[in-house]
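Report on the structure given below.
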Amino acid sequence: MIILVVGGGGREHALVWALSRSGDHSLLCAPGNPGIGEIAKLFPVKASDIDGIVNLAIEKKADLVVVGPEVPLVAGLADELRKSGIPCFGPGADGARLEGSKWFAKEIMESAGVPTARGKIFSDMVSAREYIGEDACKYVIKADGLAAGKGVFLPDNSVEANGILEELFAGESGVQVVIEERLLGREVSILAICSGEKCVILPPSRDHKRLGDDDTGPNTGGMGAVCPPPGTGNRTGEHARTAIILPVLSELASRGIDYRGIMYAGLMITEDGPKVLEFNVRFGDPETQAVLPLVLDDLGEIFISAATGGSLPEHLTIAEGFCSCVVMASGGYPGTYEKGFPITGLDNIKDAIVFHAGTAMENGRLVTGGGRVLSVASIGDTMEDSLNRSYRELEKIDFKGRYYRKDIGRTV
Ligand code: AMP
Ligand code: GLY
């Protein structure tokens, strides 16, 4: 098959890498990155350029388009591709509202009887402030629309909460904010490949979102991930399938939404069982870099079946063992950082897979080009083996100001 992967981060590198393992597909990527360029043909079309991607898929006679990021999905890329007769692994704009609107997701969960944090939606600041009162640390404040991972706030006190609300309600009119109860527990990410009302679950994983060791500092796009998280077995995946993913797919179907693509459920494993924190409508980043190295099936065949509403296997073929992925970031990320520093040592990596994210070519040299630069992933018989390997290999890679967390997989 000719497969076009849309996006250019670590997640898309992992997707292209996984699709390349079967050897049967011709792989294209837009816009991609230098690492992806080693295994796929790149085209300089932005993921958010809907017409550009559709035209590229038509011109290259793509049999399947796999969409990495959420923005083009929410904007209707999958719908436009399907109108042109091109199968797309990714939901249409109707299904993508599950990520595009926190409140839509809450409504779906309520109708489907899926456990989640109790929440309320507000369109004015005064009522939102009154609702939170003095108990700010019992609540989470979420901007309703897409916010690139920057729309969720966990205030420590009411002064902080008021500041957050002021900022969210400032400027634009029509802002909506969801306030929900704060849940306590361990977080697990569940990824399901969906085809209408059918799904097959990938192994559970865990992202480490905070910048600093021991989960301190600001939230980032993800500093590392493990699969499966120690102590989280198949039961969590099976439970998520029957109690969360399938009921949501069936609720969507009852509203005329034929969901094809990834459904990502971010769960909090609370004392009362798993509850959903959020849905995403695409693969997680960096979870994908830790999950896909363990998947042995030809994902191209499974994605095309899902994209065309076909059948799915009951289970995937998963390698024994554990996978960890550690993100190497530019010093200063997620705040401001410099770019253009040469990256060295990649040729010495023997025992890990290096997925590129914020890298670029400058005068024939690989340099840093973003906040999260690379992720280093490796498999081991135990999580400890896998982590030791990822960290050992990562030490061979250098660039000015490199930063990474030292405790991936070791803290919950
Ligand atoms: P989201 O983008 O909704 O996943 O939120 C980002 C992060 O905020 C999650 O990974 C959690 O760590 C945290 N979070 C979101 N909702 C809640 C909640 N109801 N209770 C506790 N933590 C939450
Ligand atoms: N790793 C979290 C996300 O992809 O949203």
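Order of appearance sets the numbers: ligands from 1, and atoms from 1 within every ligand. It should be emphasised that the depicted structure is a prediction, and the values quoted were computed from it without experimental measurement.
Relative to atom 14 (N) of ligand 1, the option among L277, V178, L184 with the closest non-hydrogen atom is L277. For atom 12 (O) of ligand 1, the choice among E187, K138, K209 with the nearest heavy atom turns out to be E187.
Looking only at atom types and distance, the side chain of T317 has a donor-acceptor partner in the side chain of D297 under 3.5 Å away. Under the 3.5 Å distance criterion, with hydrogens and angles disregarded, no donor-acceptor pair is assigned to the side chains of E166 and N162.
Note: F355 and W17 have perpendicular aromatic rings, judged against thresholds of 30 and 60 degrees for the angle between ring planes. Between Y404 and Y391, the ring planes lie tilted relative to each other; the angle falls in the 30° to 60° range.
Remark: ligand 1 and K142 share an N or O pair separated by less than 3.5 Å (distance only, no angle test).
The proximity of L183 to ligand 1, defined as any non-hydrogen pair under 4.0 Å, involves the side chain as well as the backbone. The proximity of E180 to ligand 1, defined as any non-hydrogen pair under 4.0 Å, is limited to the side chain.
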Considering only N or O atoms, set out every pair between ligand 2 and the protein closer than 3.5 Å, with distances to one decimal place.
from: ligand 2; atom 1: 1 (N); to: D207; atom 2: OD2; distance (Å): 2.8
from: ligand 2; atom 1: 1 (N); to: D285; atom 2: O; distance (Å): 3.0
from: ligand 2; atom 1: 1 (N); to: E287; atom 2: OE1; distance (Å): 2.7
from: ligand 2; atom 1: 1 (N); to: E287; atom 2: OE2; distance (Å): 3.2
from: ligand 2; atom 1: 4 (O); to: R282; atom 2: NH1; distance (Å): 2.8
from: ligand 2; atom 1: 4 (O); to: D285; atom 2: N; distance (Å): 3.0
from: ligand 2; atom 1: 5 (O); to: N280; atom 2: ND2; distance (Å): 3.2
from: ligand 2; atom 1: 5 (O); to: R282; atom 2: NH1; distance (Å): 3.3
from: ligand 2; atom 1: 5 (O); to: R282; atom 2: NH2; distance (Å): 3.1

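Contacts of E384 classified as side-chain hydrogen bond (donor to acceptor under 3.5 Å, both in side chains), with partners at least two apart in sequence or in another chain: R410.
For the salt bridge (Lys or Arg N to Asp or Glu O under 4.0 Å) with E180, the lone residue among R118, K106, K120 that qualifies is K106.
Within the 3.5 Å criterion, the main-chain N or O of E301 finds no donor-acceptor partner in the side chain of S305. Proximity of a side-chain donor or acceptor of D79 to a complementary backbone N or O of G92 within less than 3.5 Å is not detected.
Using a non-hydrogen distance threshold of 4.0 Å, E181 registers as a contact of ligand 1.
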